[in-house]
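To start, the structure itself, in structure tokens.
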Amino acid sequence: MTRQDDMLRTAKEVQLGNYAPAPVVLTHGRGRRVTDASGREYLDLSGGISVLSVGHSHPTLAAAIGEQAARLMHVSNLFYNDRAIELAEAICARTPFDKVYFCNSGSEANEALLKLARRYHYDRGDEKRVQFVSTYNSFHGRTMGSLSLTGQTKYHKGMAPLLEGVRFIDFNDLAALDTAVTDETAAVIFEPVQAEGGIIVATPEFIQGARRICDERGALLFLDEIQTGYARTGRFLAQEWFDVVPDACSFAKGIGGGFPLGAMAVTERLAGGLPPSSHASTFGGNPLACAAGLAVLYIIEEEGLIENANRLGEYLANRLHEINERLPSTAGTRGLGLLQGLVLADDVDPAATLDAIFSAGLLLTLAGGNVIRISPSLNVTQEELDEGLAVLEPILVNAPRKT
Ligand SMILES: Cc1ncc(COP(=O)(O)O)c(C=O)c1O
């Protein structure tokens, strides 16, 4: 038995079975390459599901984390810390937002949005505004609140009762949104690009119409930019493509480059939205996570990664489009920047296709059940994309069919 087999056996014994990982143990990573315990190397164009914004173990990020760990890791939120102040200031400088709350994950950032909305209306004497409007096919997280916002019933199985008062509409259906928002709606929330749902981009009509409807009815508009935020779509925030400013926004995934970091950013309107003691998170905004967040921002700027995501996102979209034109095993492409999807034809077996891609040494993920998602780190090169597509295309030529 090899060392890797041994570790896999132990993993099955001691780790809870809520995931179904590929049968390898990854031990090292650099840039877009990861290595397993047997020494095999993989090209990672999944970016750890849109998390590794600056690649595996970027030296600047690793050094920033190391230096901060040696200086100050945690102080509790009973004290300010320099890194959190600097990161909040940097986020406000790059976005339309005026204040930032830090937490540790995407779900936690969305929980904060839920609480912010209810408390904001409550403090204004509008106590009946407790409902939320979300979209089918969305993904907002796995904690009970964020799960309740998630419009995919497969994630709800066995978890009832969920949070009351969440109404779902079809994504991009403005007429449905118009009907759903009432004087009991606290907030409307959706992703600018439904990522886990299959890389479905919001229409400008929907996102701009949502802003108008919320303003007319006194509801708040929230955008979940957890997967799209920080340059992934070729803009610092995806909302910039639509020229819409929500009242608040959630971030996580790429903002820590692999270090757990989440955030909620709000406009001036909501600046007093969560008064002292209304919400908190022990690790939220600790100096170590914020040092990672600052290093990610520095690298994004230093290496021109918004421009890279924009340019290579367009290149990737074009290449996927060509592949889609050539192959009967695919049924379309969609995406924004470096969040791209290649839709598999109905008769193709998505799980078996992903297995074949993995066996060929390429890391990609599925979204929406039948979409091959390509969401590499933002400093991916054209050569790496070409290398990945050269692995992907022959597999799709002979794509495993459903039985
Ligand atoms: C759009 C979106 N929102 C929320 C989440 C949940 O984030 P986390 O897994 O960090 O709780 C995710 C994770 O995939 C996501 O893509």
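Indexing begins at 1, ligand by ligand and atom by atom, following the structure's order. Values below: all heavy atoms of this structure, side chains included; hydrogens, waters and symmetry mates excluded. Since the structure is predicted, the reported quantities are computational estimates derived from the model, not experimental observations.
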CA sep, side-chain torsions, deciding dist, call: Tyr155, Phe139, ring-ring contact (aromatic ring centres under 6.0 Å, His included): CA-CA 9 Å; Tyr155 297 121; Phe139 187 84; 5.2 Å; yes

Ranking Glu225, Glu108, Lys253 by closest non-hydrogen atom to atom 14 (O) of ligand 1, top hit is Lys253

Taking only non-hydrogen atoms of Ser107 and a 4.0 Å limit, the atoms of ligand 1 in range are 6 (C), 7 (O), 8 (P), 11 (O)

Pairwise side-chain contact, Gln340 with Arg334, heavy-atom cut-off 4.5 Å (strictly under): no

What protein heavy atom sits nearest atom 16 (O) of ligand 1, and how far away is it? Gln227 NE2, 2.7 Å

Side-chain touch Glu191/Ser138, heavy atoms, less than 4.5 angstrom: yes

Residue part near ligand 1, for Glu191, under 4.0 Å between non-hydrogen atoms: side chain

Take a 6.0 Å sphere around CD of Glu216 and say whether it holds more than 12 heavy atoms from other residues, nucleotides or ligands. yes

Taking distance alone, with N or O pairs closer than 3.5 Å, would you say Phe139 contacts ligand 1? yes

Give the atom numbers and elements of ligand 1 that come within less than 4.0 Å of a heavy atom of Ser105. 10 (O), 11 (O)

Looking at Met7, I'd like to know if its CE atom is crowded, meaning that more than 12 non-hydrogen atoms belonging to other residues, nucleotides or ligands lie closer than 6.0 Å. yes

Going by heavy atoms in the side chains, are Leu174 and Arg212 under 4.5 Å from each other? yes

With a cut-off of 4.0 Å, which atoms of ligand 1 are near a heavy atom of Asn110? 3 (N), 4 (C)

Atom 3 (N) of ligand 1 [closest protein heavy-atom partner, distance rounded to 0.1 Å]: Asp224 OD2, 2.7 Å

Atom indices of ligand 1, in the order listed, that fall short of 4.0 Å to a heavy atom of Ile226: 2 (C), 3 (N), 4 (C), 5 (C), 12 (C), 15 (C)

Consider every N or O of Gly106 and every N or O of ligand 1, then say whether any pair is closer than 3.5 Å. yes

Do Asn310 and Tyr315 make a side-chain contact, defined as non-hydrogen atoms from C-beta onward lying under 4.5 Å apart? no

